Protein chains: 2
Amino acid sequence: MNIKEAAERTGLPAKTIRYYETIGLIAPARQDNGYRDYSDTDTHTLAFLGRARSLGFSIEDCRALLALYDDRARSSAEVREIALGHLARIETKIAELEAMRDTLGGLVEACHGDARPDCPILADLASEKR
Amino acid sequence: MNIKEAAERTGLPAKTIRYYETIGLIAPARQDNGYRDYSDTDTHTLAFLGRARSLGFSIEDCRALLALYDDRARSSAEVREIALGHLARIETKIAELEAMRDTLGGLVEACHGDARPDCPILADLASEKR
DNA sequence: CTTGACCTTCCAGTCACTGGAATCCCTATG
DNA sequence: CATAGGGATTCCAGTGACTGGAAGGTCAAG
């Protein structure tokens, strides 16, 4: 099938699919006219990538996961380790964002938000300490 | 003062301070030898930027906040609007990450993580639906 | 006079795409 | 048969916010 159908089936933009090819995540066959020719296996791989990316795995994680997926001798421990590492990064990021949210939320609440110029948000950003 | 001292005072890397200059966030004086010369006002601005960035504001938000900070005729409502927009983006991001964490956490828990190859994580990534 | 720390500019790379230009291919219609 | 459209190709450049590194200039100490 052509790239457009592969895109529709996987939900990935055609641009992204081509990009995945340039970085070696997939290697579809070519038709006589030079068009890419995606097999069901290819779309399966692309969908796998789409789901892994939607869980926030990096491209390199995806590459590793794909290799493990194709490796019948894999241990589930290897997969789990990648997932755990990613989970830790997610938790860290969430904690960072929550800290931002809490600080910023407090400032927004303290700011009356009217026509007057005095503003606790700017005052906090300008303050020496913290 | 030279860039190194400005960096130490503000906690920002010298590279970042130079970068902020190239994008027009700050414009320190120059000494005769061409070295940048930071005033106390400059380091104050840099510290402001550092705190705004640490709250996750984008560079463009920072630029706007700085302009408002310098504008005596500002309304706190303008500041608050920027902060609210940013807060909304943070909340969205947190929700996305929490969804990832929940899904991934469930999969990690379901995976025994030993030498055997069968793995619910890979099974989920490879599954047709979801 | 040399060493070493500091400063300068400029170029390239990061991550994962995304947009756009120029060009080619295929099918259908007038 | 010419042409219009929709799709395909490649390649280049840009995103955000830095960060690393190269090549070279400046300054104070020993």
Side-chain angles (χ1 to χ4, degrees), chain A residues 1-38 42-43 45-46 48-66 85-86 89-90 92-93 96-97 100, chain B residues 1-38 42-43 45-46 48-66 82 85-86 89-90 93 96-97 100:
Chain A
M1 79 193 76
N2 283 350
I3 198 167
K4 200 188 184 209
E5 192 180 341
E8 279 160 7
R9 285 206 201 176
T10 60
L12 294 173
K15 274 270 183 188
T16 299
I17 296 177
R18 286 194 201 96
Y19 171 67
Y20 285 171
E21 183 175 348
T22 70
I23 61 173
L25 282 180
I26 195 172
R30 294 285 178 145
Q31 299 162 19
D32 290 345
N33 58 13
Y35 286 17
R36 290 168 180 82
D37 191 5
Y38 295 90
D42 289 330
T43 54
T45 298
L46 287 170
F48 182 103
L49 289 170
R51 279 185 289 264
R53 290 288 301 129
S54 79
L55 284 179
F57 284 106
S58 72
I59 289 288
E60 286 319 304
D61 277 351
C62 289
R63 197 188 300 278
L65 289 170
L66 216 42
H86 179 43
R89 280 187 295 275
I90 290 177
T92 301
K93 194 74 197 164
E96 286 170 9
L97 288 173
M100 288 178 190
Chain B
M1 80 192 77
N2 283 349
I3 198 169
K4 201 189 182 208
E5 192 181 339
E8 279 161 7
R9 286 206 200 175
T10 61
L12 295 173
K15 274 273 184 188
T16 299
I17 296 178
R18 284 193 204 98
Y19 171 67
Y20 286 172
E21 184 176 347
T22 69
I23 62 173
L25 282 181
I26 195 172
R30 294 286 177 143
Q31 298 162 18
D32 288 346
N33 58 15
Y35 286 18
R36 290 170 178 83
D37 191 6
Y38 295 90
D42 289 330
T43 54
T45 299
L46 287 170
F48 182 104
L49 288 170
R51 280 186 287 265
R53 290 288 301 128
S54 79
L55 283 178
F57 283 106
S58 71
I59 290 287
E60 287 318 307
D61 277 351
C62 289
R63 196 189 300 278
L65 289 170
L66 217 42
I82 293 174
H86 179 43
R89 282 188 293 274
I90 290 177
K93 193 74 197 165
E96 286 170 10
L97 288 172
M100 288 179 190

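These figures come from a predicted structure and were not determined experimentally. First the proteins, then the strands, lettered A, B, ... as listed; each starts at 1.
- The interatomic distance linking A/Asn2 (CG) with C/dC25 (C1') rounds to 11 Å, in whole Å.
- One atom, CG of A/Asp37, and another, P of C/dC25, lie 17 Å apart when rounded to the nearest Å.
- Rounding to the nearest 0.5 Å places CG of B/Asn2 at 5.0 Å from CD of B/Gln31.
- For C/dC17, one of the phosphate oxygens OP1 or OP2 lies less than 4.0 angstrom from a side-chain nitrogen or oxygen of A/Arg53.
- Annotation for B/Arg51 and B/Ser54: closest pair O-OG, 2.8 Å, computed over non-hydrogen atoms.
- Residues passing the ring pair (Phe, Tyr, Trp, His ring centres under 6.0 Å) test with A/Tyr38, sequence neighbours excluded: none.
- No donor-acceptor distance shorter than 3.5 angstrom exists from the side chain of B/Arg53 to the backbone of B/Cys62, with no hydrogens or angles considered.
- B/His86 places no side-chain N or O within 3.5 Å of a backbone atom of B/Asp61 that could act as its donor or acceptor partner.
- Across residues 25-36 of chain B, B/Arg30, B/Gly34, B/Tyr35, B/Arg36 each have a non-hydrogen atom less than 4.0 Å from an atom of DNA chain C (numbered order).
- To the nearest 0.5 Å, atom CD1 of residue B/Ile90 and atom CD of residue A/Glu96 are 11.0 Å apart.
- Between A/Phe57 atom CZ and C/dC15 atom P there is a gap of 17 Å when expressed in whole angstrom units.
- Going from atom CD of B/Glu21 over to atom C1' of C/dT8 covers 11 Å, rounded to whole Å.
- Atom P of nucleotide C/dC15 and atom CD1 of A/Ile23 are separated by 11 Å, given to the nearest angstrom.
- Direction of the helix axis in the helix from C/dC1-D/dG30 to C/dG30-D/dC1 shifts by 40° between the two five-pair termini, rounded to 10°.
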Distance-only check: which donor-acceptor pairs under 3.5 Å involve side-chain atoms of residues 8-19 of chain A, not counting sequence neighbours?
{"from": "A/Arg9", "atom 1": "NE", "to": "A/Glu5", "atom 2": "OE2", "distance (Å)": "3.3"}
{"from": "A/Arg9", "atom 1": "NH1", "to": "A/Asp40", "atom 2": "OD1", "distance (Å)": "3.3"}
{"from": "A/Arg9", "atom 1": "NH2", "to": "A/Glu5", "atom 2": "OE2", "distance (Å)": "2.8"}
{"from": "A/Thr10", "atom 1": "OG1", "to": "A/Ala6", "atom 2": "O", "distance (Å)": "2.8"}
{"from": "A/Thr10", "atom 1": "OG1", "to": "A/Ala7", "atom 2": "O", "distance (Å)": "3.4"}
{"from": "A/Thr10", "atom 1": "OG1", "to": "A/Leu12", "atom 2": "N", "distance (Å)": "3.2"}

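- Taking only side-chain nitrogens and oxygens, A/Thr16 comes nearer than 4.0 Å to OP1 or OP2 of C/dT18.
- If you run side chain to side chain contact (heavy atoms under 4.5 Å, CB included) between A/Pro28 and each of A/Thr43, A/Asp42, A/Asp37, only A/Asp42 comes through.
- Once you apply a 4.0 Å limit to the heavy atoms of chain B, the touched nucleotides of DNA chain D run 5' to 3' over D/dA17 to D/dC27.
- Contact of the B/Leu97 side chain with the B/Met100 side chain is registered, since non-hydrogen atoms from C-beta on lie closer than 4.5 Å.
- Of all non-hydrogen atoms in A/Leu25 and A/Leu66, the two that sit nearest each other are O-CD2, 3.8 Å.
- Interatomic distance, A/Glu21 CD to A/Ile3 CD1, rounded to the nearest 0.5 Å: 7.5 Å.
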Collect all protein-nucleotide pairs involving nucleotides 20-22 of chain C in which both atoms are nitrogen or oxygen and the distance is under 3.5 Å.
{"from": "C/dG20", "atom 1": "O6", "to": "A/Lys15", "atom 2": "NZ", "distance (Å)": "2.3"}

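- Nearer the 5' end of DNA chain D, as judged by each residue's closest nucleotide, is the contact made by A/Tyr38, out of B/Ser58 and A/Tyr38.
- Panel note: side chain B/Asn33, backbone B/Tyr35; a donor-acceptor pair is recorded below 3.5 Å.
- Proximity of A/Tyr19 to the phosphate of C/dC15: no side-chain N or O atom is located under 4.0 Å from OP1 or OP2.
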